[in-house]
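Counting starts at 1 for both ligands and their atoms, in listed order.
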Amino acid sequence: MQSKILLSEDQLPKQWYNIIPDMPGTMSPVIHPGTLQPVSPDDLLPLFPMGLIEQEVSQERWIDIPEEVREIYKLWRPAPMFRAHQLEKALGTPAKIYYKYEGVSPAGSHKPNTAVPQAYYNKIAGTKRIASETGAGQWGSSIALACQHFGLECTVYMVKVSYGQKPYRKSMMQLWGADVFPSPSDKTNAGRSILEKDPDNQGSLGIAISEAVEDAATHEDTRYALGSVLNHVCMHQTIIGLEAKEQLKIAGDYPDVIIGCHGGGSNFAGIAFPFISDKANGKDIRLLAMEPASCPTLTKGVYAFDYGDTAKMAPISKMYTLGHDFMPPGIHAGGLRYHGASPLVSQLVHEGVVEARAVPQTACFEAAVLFARTESIIPAPESSHAIRGAIDEALQAKEEGKEKTILFNLSGHGHVDMAAYDAYFANQLEDYEYPEAAIQESLSHLPKVG
Ligand SMILES: *Cc1c(COP(=O)(O)O)cnc(C)c1O
């Protein structure tokens, strides 16, 4: 009975998969927040280095991973895949459950997979400093460690509620050399204008993005980095699914359903996109994105043009959105509290290629605890949404007496999130109702594009 399916370092993929040439339907343009016209690559140069802008719009299906990036990837990749024998036994399911484990990275999540190439392309373009935002701190710690490798300075605006809830992620960022500010901060116009109206504002990813974008746009030597949502981020994450495909070949299996949790869409894209061309070629395979019921972007949002941030400084994309000024409740899966979604994942949902499902947080913690007591790994609260999805699929297979092969992405470990588990065991976690009124109010502020 094999539990771990491992690849050697020389099996580390040499290319990322870019789904753009294989997308169903036509891609919508990205819109400039000031002019409301399509952006040109030059418009994006104050924010991103050319190497990443080119990847954002590339029509090449395969893009070489630079050797400098592969060398850093090898510190923890290829990541292991596991067959969840212990969990299967506990569920009494005929389903086979495989999971890819991204918690082996130094930051404990999948995010360094894109942080490292982003720092690399900035370095070769002459960037001195990266400004970015972070919710729960996984992205901030990932970009901080990546900047270290390439000798870049790093400034991170951290959503204030998480700055309080997750002090150790702040410590990790500082250890890896970053400057960290709770957002909204008094360092930017965007932050100051929010604090003026609401001094106790607990922050949101949208606000923190505004601060980081403003910092980058107003400093010549500084660029911005985003940990999710964008096309090039999703592409960097395909290393997860590309490795998973090789590992399943070794196991002699192929998935019926692939599951990932969904915040901005990057780890879901990472595990799912490399399988989508198989689906287009006739493979019977389902792709399932799991999101929190308190921030139900894909299941309750609208597919429309919206700003990427609260202060309307970031580009406008067509995506599923709850509205750029939607303030999600302070749930413990901080990495899933974003009002929008990857335009690529959004289009795939809109075209019916990808399914989405929303789940309340206590049901996710229940799944995470069962997982930790069977497979032993303590999952990140974000990842527990994918586990909930996998367990529900396995229980359905049991009910129907059907065999089924399930693959999910365990996007990170929860070692820095133990306060969330304490709150769960103390019955202090609430399941927030889908905040219909707040979403309707926020949706009335969408930009008028096209
Ligand atoms: C950030 C994060 C997520 C959500 O981000 P995506 O871009 O949707 O992947 C999920 N899991 C973990 C562990 C994270 O750190």
* **Min side-chain heavy-atom separation F268-L288 under 4.5 Å** => no
* Heavy-atom check, side chain of S383 versus side chain of S411, under 4.5 Å -> yes
Check: every ligand 1 N/O to protein N/O pair under 3.5 Å:
from, atom 1, to, atom 2, distance (Å)
ligand 1, 7 (O), S228, OG, 2.5
ligand 1, 7 (O), S266, N, 2.9
ligand 1, 7 (O), S266, OG, 2.7
ligand 1, 8 (O), G263, N, 2.7
ligand 1, 8 (O), G264, N, 3.0
ligand 1, 8 (O), G265, N, 2.9
ligand 1, 9 (O), H110, NE2, 3.1
ligand 1, 9 (O), S266, OG, 3.3
ligand 1, 9 (O), N267, N, 2.8
ligand 1, 9 (O), N267, ND2, 2.7
ligand 1, 11 (N), S411, OG, 2.7
ligand 1, 15 (O), K111, NZ, 2.5
ligand 1, 15 (O), Q138, NE2, 3.3

* To do: Sequence neighbours left out, what passes ring-ring contact (aromatic ring centres under 6.0 Å, His included) with H32? Give chain and number order.
  => none
* Asked: Do any N or O atoms from the side chain of S266 and from the backbone of S228 form a donor-acceptor pair under 3.5 angstrom?
  -> no
* **Cationic N near anionic O, under 4.0 Å, D256 to R286** => no
* Positive for side chain to side chain contact (heavy atoms under 4.5 Å, CB included) with Y99, one of I377, L407, I387 -> I377
